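Remarks on the structure that follows.
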Amino acid sequence: MNILITDITQLLTLKGPKAARISKNLSELSIVKNAALYIEDEKIKYAGKESDVIKRIPKNDKHINIKANGVVMPAFIDSHTHTVFARPRLLDFEMRANGKSYLDIKKAGGGINRSARDIKEASKKILAQNLKYFAQKFIECGTTTVEVKSGYGLDLINEIKMLEVVKETAPVIPLDMIPTFLGAHSIPKKFSSSKEYLKYLKDKVLPAVAQKKLAKYVDIFVDDGHFGIDESVDYLEYAKKLGFIARVHCEQLAHSGGSYVASMVKAVSADHLDFADSNDIKRMVKSGVSAIFLPASNYFMGVLKYPRARNFIENGANVVLATDFNPGTSPCWNMQFVLSVAVNYMKMSVEEAIVASTYNAACVLGVNNSVGMIIPNMQADLVVMDVKDYREIAYYFGDNLNKITIKKGRIVYDKSNTF
Ligand code: NIG
Ligand code: FE
């Protein structure tokens with residue numbers, strides 16, 4: 001049924017060009033106060049001042065009426081997650097609390113390889129159950145589109161298993177999932193070098209993933225103790241020839257050249273970037289590489305060195321925020337928390353953080369023609385936040401302030417119906 005939302009204190013439309021918002025435009029929310037909006041089927045039909053919207057609705061129209069008494073904004077778009085995993089890494093968590101570093105934990109048999117052992121043992125049924133549970137959490141917190149990576153399989157069978165779980169679960173949950181192949185996440189023990197493992201991925205796994213159409217992007221972890229510069233460029237160039245779009249995990253553990261790789265292959269994004277310097281930033285901007293910051297992982301890892309968001313913004317980068325939801329470095333599905341960390345530790349404004357986690361994220365995922373703005377004809381993917389002023393979303397941290405999630409014109413979460 002169609003939906004009319006009234007009593008909106010602030011409607012954040014993000015109205016503007018259908019392109020990434022950079023520099024000053026990153027803070028433009030295009031707010032309408034005392035607003036209403038009307039959703040017909042899957043799409044937004046009218047959005048604006050309440051008096052104007054009400055006038056356009058026929059007298060006997062049948063619709064659901066929601067009184068927002070709060071802020072309405074585009075639903076979050078989480079452009080970087082590792083949402084398929086078998087179980088939490090609680091041993092790693094304890095080790096870190098005892099002062100061990102990410103690389104110490106990896107050497108002791110923990111880290112990504114621990115999640116890979118868990119994936120091998122888990123059935124598709126269990127992984128799908130977990131994925132549905134996490135999908136529910138994303139939806140409750142106001143996220144309606146996520147990118148989902150493989151990368152805990154680390155061999156042909158298990159990487160395909162992870163991606164098939166995403167594909168098979170997608171039709172039964174109201175969350176759009178865009179898959180990424182991240183076979184090059186860690187080097188399994190049975191390979192003697194990163195080079196040998198990348199050759200295996202190129203020969204055996206990438207062609208199978210391409211043939212089965214299981215992923216849109218290919219990602220690689222270029223960092224200390226993981227993959228090197230030249231081999232990563234070669235790998236991503238090969239993946240591009242098979243039709244994948246490149247992405248890179250980089251500059252998370254050290255300044256190790258991954259953002260250079262991203263620029264060389266014209267990747268759509270370089271993600272993390274804690275150690276990226278001004279040369280890296282300029283090179284990325286020149287090559288059209290978007291910067292995806294994942295500050296919940298810095299928080300969880302106790303890393304006080306955050307990416308230099310202000311430098312990126314001043315240099316005109318497309319800046320994006322995401323959760324990096326994963327069992328090792330960021331067990332967080334709530335974009336509202338990410339906004340809070342971005343504002344407090346990366347000195348982004350709340351306005352910038354909102355655009356970076358909605359419209360700009362849509363641009364990276366190639367879905368910006370349909371979601372990320374609240375204007376007529378866009379798909380109705382939006383949330384009603386239990387706040388009067390949008391700045392409260394990043395201010396009252398640690399809670400879930402979302403009260404209603406609408407996906408493709410359908411109410412998929414309503415807090416008032418849960419208890
Ligand atoms: O984005 N950096 C590499 N990958 C993940 C961590 C994965 C894990 O530890 O399980 C990240 O932080
Ligand atoms: Fe990640």
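Bear in mind that the values here come from a model prediction, so they are computed numbers and not experimental data. Count residues from 1 along the sequence. Values below: every heavy atom of this structure, side chains too, minus hydrogens, waters and symmetry copies.
- Counting non-hydrogen atoms of neighbouring residues, nucleotides and ligands closer than 6.0 angstrom, the OH atom of Y200 exceeds 12 such neighbours.
- Classified by interplanar angle (parallel below 30°, tilted 30° to 60°, perpendicular above 60°), the ring pair F337/Y299 is perpendicular.
- Under the 4.0 Å criterion applied to side-chain N and carboxylate O atoms, D118 and R114 are not assigned as salt-bridge partners.
- Around atom CZ of R391, no more than 12 heavy atoms belonging to other residues, nucleotides or ligands sit under 6.0 Å away.
- Between F85 and Y152, the ring-plane angle classifies as perpendicular under the 30° and 60° cut-offs.
- In this structure, S330 contributes its side chain and N326 its backbone to no donor-acceptor pair below 3.5 Å.
- Remark: the backbone N or O of A68 is not paired with any side-chain donor or acceptor of D7 at under 3.5 angstrom.
- Taking the six-membered ring where the residue is Trp, H80 and H272 present perpendicular rings, their angle passing 60° and hence far from 30°.
- Cation-pi geometry between K305 and F275 is met: under 6.0 angstrom from the ring centre, within 45 degrees of the axis.
- No side-chain donor-acceptor contact under 3.5 Å links K213 to the backbone of A210.
- Looking at K107 and D104, no side-chain N of the basic residue comes within less than 4.0 Å of a carboxylate O on the acidic one, giving no salt bridge.
- Under the 4.5 Å side-chain criterion, counting only non-hydrogen atoms from C-beta, T13 is in contact with V32.
- With a 4.5 Å cut-off on side-chain heavy atoms, T405 and F138 do not count as touching.
- The aromatic rings of Y306 and Y345 lie parallel to each other, their planes meeting at an angle below 30°, with 60° marking the opposite boundary.
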Problem set entry | side-chain hydrogen bond (donor to acceptor under 3.5 Å, both in side chains) evaluation trace for D386 with N402 | CA-CA 6 Å; D386 194 9; N402 180 39; over 6 Å; no

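- The only option from K415, Q336, K137 that meets the side chain to side chain donor-acceptor pair (under 3.5 Å) definition with N400 turns out to be Q336.
- Test H82, R247, K216, M177 against E147 for side chain to side chain contact (heavy atoms under 4.5 Å, CB included) and you get one pass: R247.
- Across all their heavy atoms, P207 and L242 have their closest contact at N-CD1, 4.1 Å.
- Judged by distance alone, the side chains of D219 and T180 never bring a donor and an acceptor atom under 3.5 Å apart.
- Between H185 and H249, the angle of the ring planes lies from 30° to 60°, which puts this pair in the tilted group.
- Between F312 and F293, the ring planes lie perpendicular to each other; the angle is over 60°, past the 30° to 60° tilted range.
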Problem set entry | side-chain hydrogen bond (donor to acceptor under 3.5 Å, both in side chains) assessment of E351 paired with Y390 | CA-CA 9 Å; E351 295 81 1; Y390 67 86; 2.4 Å; yes

